[in-house]
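Letters go in sequence order (proteins before strands), and every chain restarts at 1.
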Amino acid sequence: MEPTQQQPDNLTPSQKKAVLHKDGPLLVIAGPGSGKTRVITYRIAALIDSGVNPHNICAITFTNKAADEMRQRAFALGRSAGTHISTFHSLCVRILRQYANFAQINPNFSIYDTTEQSQCIKQAIKTCELDTTNFSPARMLEAVSTLKNKLITAEDFENSSDDFFSNTLAKIYQHYQNILTENNALDFDDLLMKTAYLLQDNPDICQQLGDRYKFLLIDEYQDTNHAQYKIAKSIASTHNNICVTGDPDQSIYRWRGADIRNILAFETDYPNATVVKLEENFRSTPNILKTADKLITNNQNRKLKSLIPTKPSGEDVTVEAFEDEKHEALTVADQIKDLENKGAQLRDIAVFYRVNSASRVLEEALIKNKIQYQIVRGVEFYSRKEIRDLLAYLKILVNPQDEVAFLRIINTPTRGIGKTTIDRVGAYADSKNITFYDALKNADKIDSLSKAPKAKIAVFVNMIEQFKKDMDSNVGPLAEKIFAESGLENFLNTSKDQNALENVNELINAAHEYDKQTEQPSLLDYLQQISLFSDTDTYDESKGAVSLMTLHAAKGLEFENVFIVGLEEGMLPHERGADNEEELEEERRLFFVGITRAKTQLFISYAKYRTIRGQFLRTIPSQFLYELGINLTEPAKENEYEYEQDHDDMEFDHYDHSSPQTPQFSIGQLIRHQKFGLGRVKKFDDMGPNSVVEIKFNAGQTKTLMLKYANLEKIE
DNA sequence: GGACTCTTGGTTTTT
DNA sequence: CCAAGAGTCC
């Protein structure tokens, strides 16, 4: 360790103030690139230096990746051992496992992610005999999640609901919760909600945790939700040694329940709080910061904060217009090559986009140009079928109540146990009020089953029981054994799915790695940990590759050169966020986060046409570009573009069949209205002279107009 | 019971 | 355009 790092001498006065603050609540409002993470790490070190036992410090980060990094940095300062550094979710798993009996749960619980949640909610909707078109699983799940984040239980909600929709939702919520309980499973939101209630209902546990974690540090506090807020408050209630850091301008998780008021009201919550503002930016050039500032000042609902540059001025921020997404992607690839020729490292380059699906065209362009890249959270590793299958085998050993896991593997690979058999076993389990696995064990007593399926079930049960004997061995060898003996390996070998085989190998390697790195490896701990792991956490900065990721995944990172693509209405801001001002502001913050990741060069672009769900559509430049003061009637830079072969078949003749009296409009057609300006057709009811069009205008409002009076001008 | 094709519908971000 | 579910055939 370099001795200079031991003392925080090279800190600014404000940074120093935050680092050396000792007792009581501390709020650090830190702009992008202000050295916030560094401040937290130094603060951990300073606390330890002042005599605090590392064991008594708990730092909470937003992602596992951030936790890892912080652990490494603290380790580099030589003072990390024993400090608890993790995400809220990991901390909750730990607490729930320790106090399981107080939380009235079984400590062997499975953690259900979106896929498994979705199966449970579908089952719940079915049990309520409702139609999934009116009560879509995704919608219901979102609604339940919102309730849980606000710590509203199914019972609470049922008591307060008084209209048809809420009543129905309350029923679904209750059923969904029952299903989870039967499976001994918790979803992500349960981890938080159960912990929050555990602490609320048990002051003595609060006290114990307060004694254990005498100093609580929370990063990215602007993105905490109500449940997390309550948990933090409970743990800190005995000592009030709570230090939170964040930037209200970087709050981008409202949709997940994040409540920006948590940080805005910190001073009211903790009246004796010390407040430190870090406004100096050590990351970006003044040009980049000017761009960021110009954008974010359009948000009405914010606290004023400056971005004070400390770097010498650099290159201009570029905004370019391209013909379509292919043209955009190919040019990004070209520009990356240019940067490389000028000496830039691929690892210092990143491309950000709003939606995951935008990565494909970029990948194609990079492959074409033989540029190495890594996608941060593309198709998630742990959500791949083969990975989930193998994990399901492991899960049922720990938690035999996990019916979702059983249903996944009972016939994977196929072993002749089909839907009918499964339904009959399920019915038997329900009638006897036993678990699915217990029903399988007693299959020979199920009258509705004939001999063949009974035998097949017996073989399956026997196999599982064999696996169970090795449950306490290390995770790596166990995973290997199960992969081989369950028939999964054979199945993948015969189907020649090379990718799947590689993925499983990677999982097995990771399991071995877990055994090596963990003090007390256990299957339960392993499974609960990887449930909380996301692909964002696998981003490897040492790889010599360009990073591709969504704007959300970019949070907390920084790169020398940043490309942000797709600055179009509907993309950024995303169409689902354009309707109300609050969501629009969040989209703006998202763009702000993207801009402020760039250290030296920033390339912003949009495409004039984009293929959306298979349709080649004219786009409208993002309103955010106007806000940056870029005059788009004459785009900053027009690009020459030679159409490639496959553009020939693009169809522009959707509306060529129009009758002379009433023109036809296709969905997505861009139009101009004399009064309302540019807009896009959302709906078109062809009723001859009485045709009606619904148009979403660029200014935000949606209008339904009679075609014959509207006098619309089509724009190509 | 299982593999296959066809249709339909839904579209963001993630611990 | 893509994924999930329904329907069809062996």
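- Among the protein residues, A:Asn411 comes within range of the sugar-phosphate backbone only, with heavy atoms under 4.0 Å from sugar or phosphate atoms but none that close to a base.
- With sequence neighbours excluded, the residues that form a side chain to side chain donor-acceptor pair (under 3.5 Å) with A:Tyr514 are A:Asp525.
- A donor atom on one side chain and an acceptor atom on the other are not found under 3.5 Å apart for A:Gln119 and A:Gln117.
- Note on A:Leu551: nothing from the nucleic acid sits closer than 4.0 angstrom, heavy atoms only.
- In this structure, the CZ atom of A:Phe591 is 18 Å from the P atom of B:dT13, given to the nearest Å.
- Distances were taken from every side-chain heavy atom of A:Thr414 (C-beta onward) to each of B:dA3, B:dG1, B:dT13; the shortest belongs to B:dA3.
- For the residue pair A:Ile152 and A:Met193, the shortest heavy atom distance occurs at O-SD, 4.2 Å.
- The residue among A:Lys419 and A:Leu590 whose nearest nucleotide of DNA chain B is located toward the 5' end is A:Lys419.
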Tabulated below should be each protein N or O lying under 3.5 Å from an N or O of nucleotides 5-7 of chain C; please produce it.
| unit_1 | atom_1 | unit_2 | atom_2 | d |
| --- | --- | --- | --- | --- |
| C:dG5 | OP1 | A:Lys122 | NZ | 3.0 |

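- With hydrogens and angles ignored, a donor-acceptor pair closer than 3.5 Å exists between the side chain of A:Arg354 and the base of B:dT13.
- The residues A:Glu116 and A:Arg388 are annotated as salt-bridged, a charged nitrogen and a carboxylate oxygen being separated by less than 4.0 angstrom.
- Taking only side-chain atoms of A:Asn356, from C-beta outward, the nucleotide of B:dT13, B:dT15, B:dA3 with the closest atom is B:dT13.
- Using a 4.0 Å heavy-atom criterion, one finds that A:Thr611 contacts no nucleic acid atom at all.
- Considering every non-hydrogen atom in both A:Val562 and A:Gly594, the closest pair reads CG1-O, 4.1 Å.
- Here B:dG9 presents its P atom at 17 Å from CZ of A:Arg139, a figure rounded to the nearest Å.
- A donor-acceptor contact under 3.5 angstrom links the side chains of A:Asp402 and A:Tyr112, judged on distance only.
- Distance check on atom P: C:dA4 versus B:dT13 gives 15 Å, rounded to whole Å.
- Summarising the geometry, the separation between CD1 on A:Ile422 and P on B:dG2 is reported as 8 Å, rounded to the nearest angstrom.
- As a whole-Å value, the separation of A:Ile375 CD1 from B:dT14 P is 12 Å.
- Comparing atom distances between the A:Ala553 side chain and each of B:dT14, B:dT15, B:dT12 picks out B:dT14 as nearest.
- For the residue pair A:Asp190 / A:Gln177, a side-chain donor-acceptor distance below 3.5 Å is found, with atom types taken as modelled.
- Look at CH2 on A:Trp255: it is 8 Å from P on B:dT13, rounded to the nearest Å.
- Among B:dT13, B:dG2, B:dT14, the nucleotide with an atom closest to any side-chain atom of A:Tyr253 is B:dT14.
- Nearest nucleotide to the side chain of A:Arg360, out of B:dT12, C:dC2, B:dT15: C:dC2.
- Separating the CD1 atom of A:Ile612 from the P atom of C:dC1 is a distance of 14 Å, rounded to the nearest angstrom.
- Rounded to whole Å, the distance from CD1 on A:Ile252 to P on B:dT13 is 13 Å.
- The pair A:Glu69-A:Lys65 meets the salt-bridge criterion, since a charged nitrogen lies less than 4.0 angstrom from a carboxylate oxygen.
- One interatomic measurement links the two molecules: CZ of A:Arg589 to P of B:dT13, which rounds to 18 Å at whole-angstrom precision.
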